[in-house]
Amino acid sequence: MGDSERRGHGIGKNRQDLINPLTGNPYTPRYYELLKKRLKLPITTYKQKFEELLERPDVPVICVTGETGCGKSTQVSQWCMDFVNRTALTGTRRMVGHILPRRVAAMTVSQRVADEVDVQIGQQVGYHIRFEEMFSKMTQLKFLTDGMLLREIIADPFFEKYSVIIMDEIHERTLATDILLGCLKEILRQRDDLKLVIMSATLDAGKFSKYFDNAPLIAVPGKTYPVDIFYVPEPEKDYVEAAARTVVQIHLTAEEEGDILVFLTVTSKLGSTPTTFIGSRVGSDFPRTSILKVGSVIWSVGADPSNCFDSFSILLTLLLDGIAFVVDPGFSKLKVYNPRIRVESLLISSISKANAQQRAGRAGRTGPGKCFRLFTEKAYQSEMQDFVYPEILRSNLGSVILNMKKLGIDDLIHFDFVDPPSPQSLFSAMETLNYLAAINDDGDLTELGSMMAEFPLDPQLAKMVIASCEYNCSNEILSICCMLTVPQVFVRPAEARRAADESKIQFAHLDGDHLTLLNVYHAFKQHGDSPQWCYENFINFRSVQSADGIRQQLSRIMDRFSLPRRSCDFTSKDYYTNIRKALVAGFFMQTAHKEKSGHYLTIKDQQVVQLHPSTCLDHKPDWVLYNEFVVTAKNYVRTTTDIKVDWVVEIAPAYFQSENLPNCEAKRILEKVRAKLIARGRLKA
DNA sequence: GAGCACTGC
């Protein structure tokens, strides 16, 4: 705590006391207002202990745990900034980097800290997230997303910009965090002037402390009240119904005041507005505010069902006090990866004990609370995992490996991961990168791979973008690539499905959905990026707008590598053919063949798939390329384009060599085509 | 002929 803070409300007699050392200006009234609140935070008691640890040269890593709301994110970074200012040697002053997994969190926490230390955001305190740089030369404390730090480390392998790095919310265990933790452990061996602060939710703390050679741990108790936990006696068949029922019951019987928080995941049952679903069962005279978590969207239920929060307010809302009841069905939507068929999908899966405890904790923020778990106590005790598997164990590792190779980490098998991925999943991703020519047969990054790593894209997309220059259609592929990267371009409101489908027809390209997306992008630009036009044509404005932003970023990267941005003549018969060939250059591993029986099999893994009904293809081509494999009631390939077998053999000869292929109809055709192309001199034997 | 969209660069 600075001198002025110790004097409480800063009614110092000496004018000097009222000067903000960061700016040289007197503190504003707002500063004192916030200071009062800061002094009451649970974490404030631990300031001295933390600072002592920070000063000790033999302590490179400090772990801090505490529940949301204890103040760790806002206060610890200020203490670190003070520390750097106290100890900074003349000459180069280094920064404090505060890493959070989400953009919104990085923005809101940095704004809060800037307010608390009474500076303008972007000056001494700033943030850096994708598409937004809010910092300057004088920035001493910078908030950034983990993905952003992963970009920075490429240019600055020892984090020499920083004196202190704070890794916050690491229990979320994003891919980027896991790579960074491994890198940081190594960097700390080589830099004795770097401090690392690890912050996580309480339960996982021991694991990280141990990983960093038993780093000292500061555990901040939460300011919480007891929460009674209730279980259902029998497993619930339909948890959405059960959740609605429970909400009604609380409403009718509970005497306590307070709001209800329900954790739901998106399911078909809920439709586009879970509000209506719950609302229809709860009735309209529902006095309590229900906040329903649906993916990343929070919906409020109550008198005004249209009153739903946008994603920016979610964090703030969830931090809001006043919740006395939690209804927890015990599920969340989780990415799972099947390495055998190389498919990532979102599955509704059971949450972990740690998740369940965190959810229950929401009920005890302002007073005693109740948590209704819609699963049995036995399931909790014996079936739930302690923690959900971290993302790195549930993902296709293509991007991860590309990133790590770019950082010069060659031996991935012996890299010190907190949770090492299996050698099989590493190998399968290496194989994919090898087919894309991003790494050579020795596992070393090629020049192409090094370039691919610079693009914030999946390896296939990066390869496609770079390859498109050879096909004279990089402008078009760039647009398609961005449209593939953003969510849900076509809007289909429940009440206007037919109108939406009819509207989509005007963009439809009969050769495939990729070209349809290109048409949408072009139309969007022709109509001057108009939100109104989007609305009228059932196009998701936010999606196409962000596609446009990504496009600008990717364009700059292309320019940096002198990759020509070109289009071939629109009237040429090759215009669309070139584009489709460029698609093949990136996605040749995601192709399917129509068997004689009429159904499609994926080439490499022989999965039976169907074209997703949303496709614009008006025919069933013999060969299709797909962007996505989705598993719902059936296996579908979504966003598909008609391709010619000659192209795949010509463009990816190594991949389509027959020894790689399972014995099937497609293999025999590919062999014939191969022989034909060799005979014509279009392919080397 | 179904509907199911988690984040980050």
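In this text, all values refer to a predicted model and were calculated from it rather than measured experimentally.
For the pair A/Ser399 and B/dC9, the criterion of a side-chain N or O lying under 4.0 Å from OP1 or OP2 is not met. Of the side-chain N and O atoms in A/Arg638, none sit less than 4.0 angstrom from OP1 or OP2 of B/dA2.
Residues A/Asp559 and A/Arg565 are paired through a salt bridge, judged by an N-O separation under 4.0 Å between the basic side chain and the carboxylate. One finds no salt bridge joining A/Arg173 and A/Glu391 here, because no Lys/Arg side-chain nitrogen approaches an Asp/Glu carboxylate oxygen to under 4.0 Å.
Nucleotide B/dC9 holds its P atom 13 Å from the CG atom of A/Leu554, rounded to whole Å. Between the CG atom of A/Asp458 and the P atom of B/dT7 there is a distance of 15 Å, rounded to whole Å.
Heavy atoms of A/Thr174 sit nowhere under 4.0 angstrom from any nucleic acid atom.
Closest to the side chain of A/Pro613, from the set B/dG8, B/dG1, B/dC9, is B/dG1. Among the nucleotides B/dT7, B/dC9, B/dA2, the one closest to the side chain of A/Arg102 is B/dT7. For A/Lys634, whose side chain is taken as the heavy atoms from C-beta onward, the closest listed nucleotide among B/dA2, B/dT7, B/dG8 is B/dA2. Closest contact between the side chain of A/Gln488 and the listed nucleotides B/dT7, B/dA5, B/dC9 involves B/dA5.
Legend: residues meeting ring-ring contact (aromatic ring centres under 6.0 Å, His included) with A/Phe455, ordered by chain and number and at least two apart, are absent. Shown here are the side-chain hydrogen bond (donor to acceptor under 3.5 Å, both in side chains) partners of A/Asp328, two or more places apart in sequence or in another chain: A/Arg359.
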